[in-house]
Amino acid sequence: MQSELQNLIATALDELKIGYDAITVERTKDQNHGDFACNIALVLAKGLGLKPRDLAARIVASIELIRERGQLGAVGSHIARMDIAGPGFINFHIAEHAYRALVPEILRQGPDYGRAKLGAGRRVQVEFVSANPTGPLHVGHGRGAAYGAAVADLLEYVGFDVHREYYVNDAGRQMDILGTSVWLRYLELCGEALDFPSNGYKGDYVWDIAATLHREHGDAYRVDMDQVRVGLPPDEVTPGDGGDKEAHIDALIGQAKHLLGDNRWRYVFELGLNTILDDIRDDLAQFGITYQAWFSERSLTESGAVNRAVERLREAGHLYEQAGALWFRSTAFGDEKDRVVVRENGQTTYFASDIAYHMDKLERGFDRVIDVWGADHHGYVPRVKAALSALGDDPRRLDVLLVQFAVLYRSGEKVQMSTRSGDFVTLRELRKEVGRDAARYFYVMRRCEQHMDFDLDLAKSQSADNPVYYVQYAHARVASVLQQAAERGIALEVRPTPDDPRLARLVESHEISLLKTLARWPEAVESAALSEEPHQLTHYLRELANDFHTYYNAHQFLVDDAELRDARVQLILAVRVVLANGLNLLGVSAPDRM
RNA sequence: GCCCUCGUAGCUCAGCAGGAUAGAGCAGCCGCCUCCUAAGCGGCAGGUCACAGGUUCAAAUCCUGUCGAGGGCACCA
């Protein structure tokens, strides 16, 4: 509709021999301004030395002329009226019959109503969550999960070929700390007395993994604590007690690797990694999120991709040595400071892996690559983009979406969290407490760059205040009406046929406004997808549900007049289709009964 | 100190590739079930769009500065 109007105005301007750059046609905010508005007269008036309203009048007159010549086609009959308003806007009023014709169309398309081909099959990779497998997902990851999944699903819906990926940080010091934590808990289960390191992972899940090791392998991994303690620098138990928790945990990792030997260390390490990864995978699946790939960081080293990336940077002349380390001159590409890629000890950094990973992504041929990261990683964006530029790639192919933290509130109180101490709310606990639907919906209600207050009490409440139930209830109500019809033995004739004359019976203001809202759905999807803002969907759905509830309260659907009844039922069936499509895109169920 | 994000109604937030009288949900007040689920609907009230400049036909929206909130500035991941 919008593009048809744009073409129409373009034709009129050509006719008037007026040049222009772009024509914007927008939905109006105010019903009194019609359905669509165009500001072209305001934009062009000054250059032409005309008053905006006069120019607008000439454009409208030109359109009328074209219409009289019968050169407008279908659009011509869709425009009921054109007004010149305010400072010089041209307002278009769309005929009601154009809206009514949408009902059979929506019913015919069903789950595909709103689907688009904008992406034209272009390949997009969306990487999201990618939390370190050092513990279960917590509520912070939940937001990235819900948001990333919604963006991916939206892009797919508008025609992109979407590849969802989870980057598994299965290498590095944090994983070593996890392996060591598991082993120490295991030693405790074996009866060894020890002071658990302040920097170790203290969550109960570490005990669980240790218990598995103990149950399946008895004392096979046991080492005398006196041996472990040899040469161990003191831990920092309370701040300022002279200990060093970093040095302490690093020494413990060294002891674990040394005392267990390669094979046994590897086993403990893998047990921890795999147990947690399985848990994360299961957790996300129950949250309605599945991936096309789980990409291992270690595989980048093993396949030689990391070395290859470093080599490419070296060949391009972007590396230099200093203080025994190899640095990437990222400042040449807008970063704040240069970054180390190979450490003094010869090990590559996490950043080097990330360069290799992003290089790999682009080599795999994705037209676009989207990373969903926590906002705490924002400082990381310039250096990754710098690396892509240095490799000769276009950094604009990478889009990094930063998700702000979610702060939980319970009875008005902020819920405190800290990963390391094990004192955090897991995603699993959140799902258990508020349910998958509420969690998925609440997480995407806000723009991702907006700090979010997650009100647990509201998410749990089965009341009108809860926006999820509000939308789901509208869906359930439609089902309920059908149920009623069946119980009363009313035979509904609601198979969609084009030009169904009975639809002309939809004349109430509630019906017209509902039709207009339904017509906006494809635009809402397109806008939400292209701007990567699923919250636009939640706003749209609330509006649609509100229009429906208002209609429900104002009019009876199952009336005696069969024509009117069938027309109304078709309308609410169309509402059900759109509600279901919207909820489905957000990973929320569309129940028939509540 | 430098960088990023944010500041809109009592609260939580939309609106921000400039557009017409700044919207919604909670909370508050007043109404609506002999009728398809009241998990619903209608109405009233509520604003210096943090502040100060600038850009222009037009600024909550763009630019600069100030103040405030959060985050980031590792040879950690």
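Basis for what follows: all heavy atoms, side chains included, without hydrogens, waters or symmetry-related copies. Naming: A, B, ... by sequence-line order, numbering from 1 per chain.
- For the pair A/Thr550 and B/G42, the criterion of a side-chain N or O lying under 4.0 Å from OP1 or OP2 is met.
- A side-chain donor from one of A/Asn546 and A/Tyr470 sits under 3.5 Å from a side-chain acceptor of the other.
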Protein N or O to nucleotides 8-11 of chain B N or O, pairs below 3.5 Å:
none

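- There is no side-chain donor-acceptor pair under 3.5 Å between A/Gln174 and A/Tyr350.
- Helical stems of RNA chain B (runs of at least 3 Watson-Crick or G-U pairs, donor-acceptor distances under 3.5 Å) are listed by first residue: B:1-7 with B:67-73, B:10-13 with B:23-26, B:28-32 with B:40-44, B:50-54 with B:62-66.
- Side-chain N/O atoms of A/Arg447 include none lying less than 4.0 angstrom from OP1 or OP2 on B/U5.
- Taking atom C1' in both B/U5 and B/C32, the straight-line distance is 45 Å, to the nearest Å.
- Residues of residues 42-56 of chain A having a heavy atom closer than 4.0 Å to RNA chain B, listed by number: A/Leu42, A/Val43, A/Lys46.
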Would you list the protein and nucleotides 20-23 of chain B atom pairs, both N or O, that sit under 3.5 Å from each other?
| from | atom 1 | to | atom 2 | distance (Å) |
| --- | --- | --- | --- | --- |
| B/A20 | OP2 | A/Lys29 | NZ | 3.1 |
| B/A20 | N6 | A/Asn91 | OD1 | 2.9 |
| B/A20 | N1 | A/Asn91 | OD1 | 3.3 |
| B/A20 | N1 | A/Asn91 | ND2 | 3.2 |

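- Using a 3.5 Å distance cut-off with no hydrogens or angles, the side chains of A/Glu127 and A/Tyr166 do not pair a donor with an acceptor.
- In the interface, the side chain of A/His451 is not paired with the base of B/G70 through any donor and acceptor atom under 3.5 Å apart.
- Applying the side-chain hydrogen bond (donor to acceptor under 3.5 Å, both in side chains) test to residues at least two apart or on different chains, the pairs with a partner in residues 36-60 of chain A are A/Thr24-A/Asn39.
- For A/His535 and B/G15, the shortest distance from a side-chain N or O to OP1 or OP2 is below 4.0 Å.
- Between A/Tyr552 and B/A38 there is a side-chain N or O to OP1 or OP2 distance below 4.0 Å.
- For RNA chain B, the residues of residues 482-491 of chain A within the heavy-atom distance limit of 4.0 Å (strictly under) are A/Gln484, A/Arg488, sorted by number.
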